[in-house]
A.B. asks: 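Below is a structure I'd like to ask you about.
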Amino acid sequence: MTSSLHRGRARRAKSQISVRVAHAVLGGAVGVVWLVLPGMTSGGDAPVAIKNPAPGASAAAAEEDERSTVDLVLPLVAVGTAGAIAGYGYIRRVRRTRVRTTPGGAGGSPPPRSSPPLAALDEQACAALVEADNRVRAARAELGFAGALCTAQDLETFRRAVREAETELAAAFRMRQRYDEGVPAEEAAREHALAGIVGRCAEAGRRLDSVAVEFGRLRGLEQGLGEALGVAEGRFRELAGRAGTSEAVLAGLRDRYAPTATASVTGSVEQAKDRLLFATVRLNQARQSADSGRPERAARQLRAAEGAVAQAAVFVDGVDRLAAELRSAEQTVPAALTGAEAELAWARRQPDPSARQRAAPGPATPLPAEPRPDASVPLAAAGTTPGGFEVRLLHVDAVLDSVRQELTGGQPRDPVGVLRRIVRATVPVTSGRAGVLPAAALITARTATAAAADFVATHRGAVGATARTRLAEAERLLATGDPADRPPADLLALEARELAERDVRAHGNPYVAAVGAEETAGTGGAVLGGIVLAEEPEDGTPAGFAGPARPAQARPGPAPSDRK
């Protein structure tokens, strides 16, 4: 439909053309009247006898002829001038209208850019990060199953390819983290950064593609399942037994610790059983397909079963790991509290840094009374103002006093959470003299990072690029070995877990199993875990070395956390 603005312009154009045409017609009418009027006035005069003209009369006649010629030419000139003006106005109006309405004209919309806009590049970079991360994770799982039948020497080429892909992916995540932090700031440079992220992800995929054919030949699943099916079934039986044990371990943790201590593994045993249920169905289907002479279909079903078994192992291992972390944290809390008290005592003996920033009073001027600041003032706002150092000390003292009361209260507690509170409170005043505090920071950072990594690994079908980027940055900081990097790694890991959970809630369950269909048992969890695709759960099994089931462009857009 034509907008009202265009309709108004069209009406104005037509009205101005009509005015110019009217001017031309009027000029022509004036010229015609000018030509006809002399004949009309001369027709009523009486006839005059013709005589030989005298010399004076000849001159008058010549003057009369010249006047008649002028009377004839002037109307023609007037008509021509009016027509020329009208034609020039019409041509100019047409040209102006074309310039305004033709794309690419001086007054039209700007020509399309040769490169996609920043928003499109951002979305493309997020999709590339998710796709590359999924491939690397799937490739690791495939290597784990291949290692049961192949020697370390046989797998060295493929492990090297995975390491190289991990390096490229880590660089891409690092670039994305800096991009989210606003570096670089210029739009052109940000476009280059996004293009670099896409390029790094593509290079990670190429490293896996370079050995995909050889890896497929090594496993030989398309030619026959062979012993690979037996390996998957053996791991399935092992995890089925461990799931029952993990359920008992988790029940003991809930009785001993506060609910926040076990929140990261809530529902892990149930989800492990769901993945094992899916693996059961796919293992049976793989054996049936192999027996009926359909090796390619059997290979896809076996890969899906292996992916489900690998994720079930993540759930079960997460419960056992958390139990060990809580025991370690519980043993570290008393020492961390003692170390924090020592740090606080040392800090109180130091001069107030803010006092050195104020002008010293004269010899006869007494020092002003130092105000007693409110302990609720945020630490970030303290330290640069008079009394800020005292605010920090008051905050540390309040946190440590709260921890003492909690330890003597006899109520179930969260040891990792207690360590996190001690570490965060003492960071502004710590001197590094108490070695137990860096150890406490390492426990909290490792616990948070491992929990976030497990959640992303088992819900990668819904987790977007932003959560994965924060997790990658937390893992990078944790790997530096610098105690100063441990508190920020802990914060980034907690943020990654929160963003990932938000993505899963927004994603929902896109796959609904058909009632009474045995082949769809556990498929909803497998779709959420990225083991199979919701649109093609039977045939669309993403693989690591072999690549995704279909291009990333055909998949749904990024999760909500990517559009921040």
Side-chain angles (χ1 to χ4, degrees), residues 249-250 252-266 318-347 378-380 392-455 470-471 474-475 477-498:
V249 171
L250 184 55
L253 296 179
R254 289 171 178 167
D255 294 337
R256 182 178 180 85
Y257 301 107
T260 56
T262 59
S264 61
V265 294
T266 299
V319 174
D320 296 339
R321 185 189 62 249
L322 179 63
E325 291 168 344
L326 289 175
R327 288 194 298 268
S328 176
E330 191 174 23
Q331 296 171 0
T332 309
V333 166
L337 181 59
T338 303
E341 291 172 345
E343 289 282 1
L344 180 60
W346 176 85
L379 294 182
R392 294 179 185 271
L393 298 182
L394 287 173
H395 177 77
V396 176
D397 195 15
V399 171
L400 297 183
D401 184 64
S402 174
V403 170
R404 293 188 202 98
Q405 294 179 4
E406 184 175 337
L407 293 179
T408 58
Q411 298 295 326
R413 56 182 178 271
D414 179 2
V416 176
V418 171
L419 288 181
R420 183 172 289 116
R421 289 161 55 194
I422 295 175
V423 170
R424 289 184 179 180
T426 56
V427 162
V429 298
T430 185
S431 64
R433 299 165 60 90
V436 67
L437 293 181
L442 181 61
I443 292 175
T444 60
R446 280 180 176 173
T447 302
T449 303
D454 288 352
F455 190 88
R470 300 297 179 270
L471 173 61
E475 292 173 338
L477 292 176
L478 192 59
T480 62
D482 187 354
D485 290 337
R486 293 167 186 173
D490 181 48
L491 290 174
L492 285 167
L494 293 175
E495 182 184 1
R497 176 65 184 261
E498 181 181 357

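In this text, all values refer to a predicted model and were calculated from it rather than measured experimentally.
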A.B. asks: What's the separation between atom CZ in Arg327 and atom OH in Tyr257, rounded to the nearest 0.5 Å?
C.D. replies: 7.0 Å
A.B. asks: Rounded to the nearest 0.5 Å, what's the gap from CZ on Arg497 to CG on Leu492? Could you check?
C.D. replies: 15.5 Å
A.B. asks: Measuring from Leu437:CG to Leu419:CG, what's the distance to the nearest 0.5 Å?
C.D. replies: 9.5 Å
A.B. asks: Shortest non-hydrogen contact from Ala425 to Val396?
C.D. replies: O-CG2, 3.1 Å
A.B. asks: Could you tell me which residues satisfy side-chain hydrogen bond (donor to acceptor under 3.5 Å, both in side chains) with Ser402, sequence neighbours excluded, listed by chain and number?
C.D. replies: Arg421
A.B. asks: Evaluate side-chain contact (heavy atoms from CB on, under 4.5 Å) for Asp414 paired with Thr262, printing each intermediate quantity in order.
C.D. replies: CA-CA 8 Å; Asp414 179 2; Thr262 59; over 6 Å; no
A.B. asks: Which pair of non-hydrogen atoms, one from Val429 and one from Trp346, has the smallest distance, and what is that distance?
C.D. replies: O-CZ3, 4.2 Å
A.B. asks: Check each of Thr332, Thr444, Val403 against Ile422 using the side chain to side chain contact (heavy atoms under 4.5 Å, CB included) test, and report the only one that passes.
C.D. replies: Val403
A.B. asks: Are the side chains of Asp397 and Leu393 in contact, using a 4.5 Å heavy-atom criterion?
C.D. replies: no
A.B. asks: Is there side-chain contact between Arg424 and Leu491, with heavy atoms separated by less than 4.5 Å?
C.D. replies: yes
A.B. asks: Who pairs with Arg404 by side-chain hydrogen bond (donor to acceptor under 3.5 Å, both in side chains), at least two apart in sequence or on another chain?
C.D. replies: Glu341
A.B. asks: Show me the donor-acceptor pairs within less than 3.5 Å that the side chains of residues 482-489 make with the rest of the protein, sequence neighbours left out.
C.D. replies:
| from | atom 1 | to | atom 2 | distance (Å) |
| --- | --- | --- | --- | --- |
| Asp482 | OD1 | Ala484 | N | 3.1 |
| Asp485 | OD2 | Thr480 | OG1 | 2.7 |
| Arg486 | NH1 | Pro438 | O | 2.9 |

A.B. asks: Would a 4.5 Å heavy-atom cut-off, applied to side chains only, mark Leu478 and Asp490 as touching?
C.D. replies: no
A.B. asks: Between Leu337 and Leu400, is there a side-chain heavy-atom distance shorter than 4.5 Å?
C.D. replies: yes
A.B. asks: Among all residues two or more places apart in sequence or in another chain, which pass the side-chain contact (heavy atoms from CB on, under 4.5 Å) test with Ala439?
C.D. replies: none
A.B. asks: Can you measure from CD (Glu343) to OG1 (Thr426) and round to the nearest 0.5 angstrom?
C.D. replies: 7.0 Å
A.B. asks: Is Glu406 salt-bridged to Arg413, cutoff N-O under 4.0 Å?
C.D. replies: no
A.B. asks: Looking at Ala448 and Leu494, what are the two nearest heavy atoms and their distance?
C.D. replies: CB-CD2, 3.9 Å
A.B. asks: Sequence neighbours left out, what passes side-chain hydrogen bond (donor to acceptor under 3.5 Å, both in side chains) with Asp401? Give chain and number order.
C.D. replies: Gln405
A.B. asks: Considering non-hydrogen atoms only, spot the tightest contact between Ser328 and Ile443 and give its length.
C.D. replies: OG-CD1, 3.6 Å
A.B. asks: Compare every heavy atom of Val265 with every heavy atom of Gly318, then report the nearest pair and how far apart it is.
C.D. replies: O-CG1, 3.9 Å
A.B. asks: Count the heavy atoms of every other residue, nucleotide or ligand shown that sit under 6.0 Å from CZ of Arg321, and state whether that count exceeds 12.
C.D. replies: yes
A.B. asks: For Thr338, what residues pass the side-chain hydrogen bond (donor to acceptor under 3.5 Å, both in side chains) criterion, not counting sequence neighbours?
C.D. replies: none
